[in-house]
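Data first, discussion second: the structure below is written as structure tokens.
Side-chain atoms are counted along with the backbone in the values below, which use heavy atoms only and exclude waters and symmetry mates. All chains are named by letter (A, B, ...) in the order of the sequence lines, taking the proteins before the strands, and each is independently numbered beginning at 1.
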Amino acid sequence: MVTVRFAPSPTGNLHIGGARTALFNYLFAKNQKGKLILRIEDTDKERSKKEYEENIFASMKWLGLEWDEVYRQSERMEIYKEYAKKMETSGHTYRCYCTKEELDQKRKIYEKLKKPYKYDGTCRKLPAEDLSKKENEGRPYVVRFKMPLTGQTILNDLVRGKITFENTELDDIIISRTDGIPTYNFCVVVDDALMQVTHIIRGEDHISNTPRQIQLYTAMGFKLPEFAHIPLILASDKSRLSKRAGAAAVTEYKEEGYLPIAIVNFLALLGCSYSATEEIFPLSEIINRFALKNVNKSPAIFDFTKLDYLNGYYIRQKTEAEIAVLVRPFLLNAGITPDESLLLKVVKLEKERLKKLTDITDAKYFFTEVTEYDTAGMEKHFKDPLKIELFKKFRGEIAGIDFKTVELEAFTRSFAEKNGKKLGELVHPVRLALTGKLISPGLFEVMEVLGKDVCLKRLGKIV
RNA sequence: GUCCCCAUAGACUAAGGGUUAGGUCACCACCCUUUCAAGGUGGUCGUAGGGGUUCGAAUCCCCUUGGGGACGCCA
């Protein structure tokens with residue numbers, strides 16, 4: 001049975017990049033009819049927070065990424081300690097008494113010499129008597145893993161193929177801290193082995209950890225899983241995707257009015273292809289077509305324009321009733337409590353104009369008084385006395401007709417013709433009077449929704 | 001700096017020795033049209049550079065350049 005895991009650390013909200021990693025794991029699991037484990041990697045007591053863990057759960061649920069099992073590393077300490085002890089007994093590790101200060105010092109020296117830093121193995125080489133002396137003094141220590149000093153470690157990556165590392169490049173990693181809490185590289189290996197994870201799908205920023213982990217697998221006699229390192233997502237300037245670069249927590253996308261399926265489809269497209277000619281698929285089809293061999297090697301840039309396009313596309317696929325439900329909280333948030341039947345009518349007109357759900361607030365003139373008018377528009381349509389006169393004449397005559405789209409259009413067209421004007425010469429000022437804007441859905445539809453009373457009032461107010 | 005990874009238009013990608021280098025977003029033009037959007041039609045833009053291998057290279061190899069990642073008692 002295929003088993004994959006998504007292993008975020010709760011040191012921040014679920015980031016869009018993390019969501020992509022989670023998604024690829026989810027897609028692979030579903031495609032293989034396997035299971036997805038969600039493992040909270042909270043061994044860093046300082047930075048891990050419950051609220052972040054909750055955010056991760058909520059974000060994944062919102063995206064529709066369901067998991068089969070959940071674990072917390074903080075609840076598995078005894079297991080890691082047990083394995084760490086085994087490693088000590090089998091002679092794979094040693095106690096290192098170097099202090100943080102000493103190590104910082106060494107790092108600085110290496111940096112000055114422009115030499116690559118690597119733990120020099122001081123304590124690995126310590127004579128037995130020094131060791132027991134330090135032990136008797138009760139000095140704090142960390143436990144380091146004895147990396148092989150020669151040879152190579154080979155990673156056969158499902159996405160990238162064979163990657164070779166010289167073991168001389170690997171230093172003796174710390175597997176257990178001064179306080180006895182095991183570290184990331186050790187816990188991951190123990191967990192992945194014990195949880196029988198068959199495929200490790202994670203970001204390529206983990207490639208350099210992999211040879212170290214492979215050595216730990218070997219030392220503990222665990223069977224190696226398959227590895228697949230997926231490319232990272234970059235910001236538009238090719239820098240790492242960060243808050244500054246505009247992409248952040250999944251929950252922020254929710255707040256900005258993106259649909260989960262749009263994000264899922266978009267994320268699925270970054271670094272992977274599903275067809276030579278199509279890009280929009282329902283989730284079931286994405287799952288069907290997902291294959292690690294179709295995952296790209298090069299990093300992908302996060303393009304908001306395309307996300308917006310997809311979001312608009314998916315909004316258009318929904319019914320008006322569905323959109324009304326989705327859009328309502330955003331109106332509420334803008335201080336508008338919409339009447340249900342009015343909202344439905346507005347959604348009908350705005351539906352194909354929405355890229356994000358938040359865009360609905362552009363149409364707030366349906367719900368509230370118009371208090372501001374586009375200044376360029378005022379300049380253009382309400383400065384010339386002749387134009388104002390025409391507008392007033394129109395205003396007077398339209399009061400007599402039925403406020404239905406068809407009638408309104410027929411009347412306006414014939415009015416324009418009778419007065420030797422083009423339709424636009426009436427439409428634009430009227431739109432400005434009714435909406436305050438130069439842009440809106442079809443004017444006659446807007447008028448019908450607004451209703452006669454409101455329209456006449458607004459037409460009378462502007463000049 | 002050292003190690004590792006990567007390189008098809010502005011962006012995401014297809015083609016894995018023989019294609020007029022395909023699709024999507026964006027962009028431009030036209031159509032529709034009361035504006036905007038949506039939709040329709042057409043178009044501009046690409047194999048980073050240099051060497052090899054080969055009858056033939058986007059595709060295989062090498063170098064250069066560029067980008068990214070890692071180098072924590074973080075994960």
- [ ] For A:E279, report the nucleic acid contact type (base, sugar-phosphate, nothing); a contact means any heavy atom under 4.0 Å.
- [x] base

Open item on the list: Would you say A:S208 places a side-chain N or O within less than 4.0 Å of OP1 or OP2 belonging to B:C5?
Closed with: no

TODO: Select base, sugar-phosphate, or nothing to describe what A:F444 touches, counting heavy atoms under 4.0 Å on all strands.
DONE: base

Task: Minimum-distance nucleotide to A:E352 side chain [options: B:A75, B:A38, B:C36] - done: B:A38

Open item on the list: Using a 4.0 Å heavy-atom cut-off, does A:K100 contact any base of the nucleic acid, only the sugar-phosphate backbone, or nothing at all?
Closed with: base

Task: Atom-pair distance (CD1 on A:I280; C1' on B:U13), nearest Å - done: 14 Å

Open item on the list: Does A:P8 reach a base, just sugar-phosphate, or nothing at all? Heavy atoms under 4.0 Å.
Closed with: nothing

Open item on the list: Regarding A:T178, tell me which of base, sugar-phosphate or nothing describes its non-hydrogen contacts under 4.0 Å with the strands shown.
Closed with: base

- [ ] Using a 4.0 Å heavy-atom cut-off across all strands, classify A:G271 as base, sugar-phosphate, or nothing.
- [x] sugar-phosphate

TODO: Report yes or no: is the cationic atom of A:R139 (NZ for Lys, CZ for Arg) closer than 6.0 Å to the six-membered ring centre of A:Y141, at no more than 45° off its axis?
DONE: no

Open item on the list: Check for me whether the distance between the ring centres of A:F302 and A:F266 falls short of 6.0 Å.
Closed with: yes

Task: Per A:V427 side chain, nearest of listed nucleotides B:U13, B:U35, B:U34 - done: B:U34

Task: Interatomic distance, A:L310 CG vs B:U13 C1' [rounded to whole Å] - done: 13 Å

Open item on the list: Heavy atoms only, 4.0 Å cut-off, all strands: where does A:K355 land among base, sugar-phosphate and nothing?
Closed with: sugar-phosphate

TODO: Would you mind classifying the nucleic acid contact of A:L443 as base, sugar-phosphate or nothing, using non-hydrogen atoms under 4.0 angstrom?
DONE: base

TODO: Select base, sugar-phosphate, or nothing to describe what A:T11 touches, counting heavy atoms under 4.0 Å on all strands.
DONE: nothing

- [ ] Could you check which nucleotide pairs with B:A57 in any of the strands shown, counting Watson-Crick or G-U wobble with both distances under 3.5 Å?
- [x] none

Open item on the list: Heavy atoms from C-beta onward define the side chain here; which of B:U13, B:U34, B:A75 lies closest to that of A:T183?
Closed with: B:A75

- [ ] Return the value, rounded to whole Å, for the distance between atom CD of A:E101 and atom C1' of B:G72.
- [x] 14 Å

- [ ] Walk me through it: do A:K356 and A:D359 pass the test salt bridge (charged side-chain N to carboxylate O under 4.0 Å, His left out)?
- [x] CA-CA 5 Å; A:K356 299 190 266 185; A:D359 292 344; 5.7 Å; no

Open item on the list: Strictly below 4.0 Å: does A:R316 bring a side-chain N or O up to OP1 or OP2 of B:G39?
Closed with: yes

Task: Between P of B:U2 and CD1 of A:I109, the distance in whole Å - done: 20 Å

Task: Residues forming a ring-ring contact (aromatic ring centres under 6.0 Å, His included) with A:F382, sequence neighbours excluded - done: A:F391

Task: Nearest-angstrom distance from the residue atom NZ of A:K238 to P of B:G10 - done: 10 Å

Open item on the list: Looking only at the side chain of A:E204 (C-beta and beyond, no hydrogens), which of the listed nucleotides B:A14, B:C5, B:G72 gets closest?
Closed with: B:C5

- [ ] Under 4.0 Å between any heavy atoms, over every strand shown, what does A:S273 touch: base, sugar-phosphate, or nothing? Just pick one.
- [x] sugar-phosphate

TODO: Report the residue (A:P231 or A:E169) whose heavy-atom-nearest nucleotide on RNA chain B is the more 5′ of the two.
DONE: A:E169

Task: Atom-pair distance (NZ on A:K108; P on B:C71), nearest Å - done: 18 Å

Task: Short side-chain N/O contact to B:A75 OP1/OP2 from A:Y184, under 4.0 Å - done: no

Open item on the list: Aromatic contact between A:Y80 and A:F186, with the criterion being ring centroids under 6.0 Å apart: yes or no?
Closed with: no

Open item on the list: Applying a 4.0 Å non-hydrogen cut-off, can you work out what A:I163 is touching in the nucleic acid: base, sugar-phosphate, or nothing?
Closed with: sugar-phosphate

Task: B:A7: pairing nucleotide in any strand, Watson-Crick or G-U under 3.5 angstrom - done: B:U65

- [ ] Compute the centroid of each ring, for A:Y314 and then for A:Y258, and state whether the two points are separated by less than 6.0 Å.
- [x] no

TODO: May I ask you to verify if any side-chain N or O of A:N209 is less than 4.0 angstrom from the OP1 or OP2 atom of B:C71?
DONE: no

Open item on the list: In whole Å, I'd like the distance from the CG atom of A:L234 to the P atom of B:A7.
Closed with: 13 Å

- [ ] Have a look at A:H229 and say if it touches a base, only the backbone sugar-phosphate, or nothing, with a 4.0 Å heavy-atom cut-off.
- [x] nothing

- [ ] State which of B:C4, B:U13, B:G69 makes the closest approach to the side chain of A:N296.
- [x] B:U13

TODO: Among A:R72, A:K49, A:E75, find the residue that satisfies the side chain to side chain contact (heavy atoms under 4.5 Å, CB included) test when tested with A:D42.
DONE: A:R72

- [ ] Answer yes or no: does a side-chain N or O of A:R177 lie under 4.0 Å from OP1 or OP2 of B:A75?
- [x] yes

- [ ] May I ask you to verify whether the side chain of A:K306 and the base of B:U24 hold a donor-acceptor pair under 3.5 Å?
- [x] yes

Task: NZ/NE/NH1/NH2 to OD/OE distance under 4.0 Å, A:E88 and A:K85 - done: no

Task: Given RNA chain B, 5'-ward residue of the pair A:S275 and A:R107, judged by closest heavy atom - done: A:S275

Open item on the list: By the rule that syn is within 90° of 0, classify the base conformation of B:G16 as syn or anti.
Closed with: syn

- [ ] For B:C6, take OP1 and OP2 only and decide whether either is under 4.0 Å from a side-chain N or O of A:R160.
- [x] no

- [ ] Could you tell me whether the phosphate oxygens of B:U34, OP1 or OP2, come under 4.0 Å of any side-chain nitrogen or oxygen in A:R413?
- [x] yes

Task: A:E409 CD - B:U35 P separation (whole Å) - done: 12 Å

- [ ] May I ask which nucleotide in the shown strands pairs with B:C71, Watson-Crick or G-U wobble, both distances under 3.5 Å?
- [x] B:G1

Open item on the list: If the cut-off is 4.0 Å, is A:T277 near the phosphate of B:G22, judged by side-chain N/O to OP1 or OP2?
Closed with: no

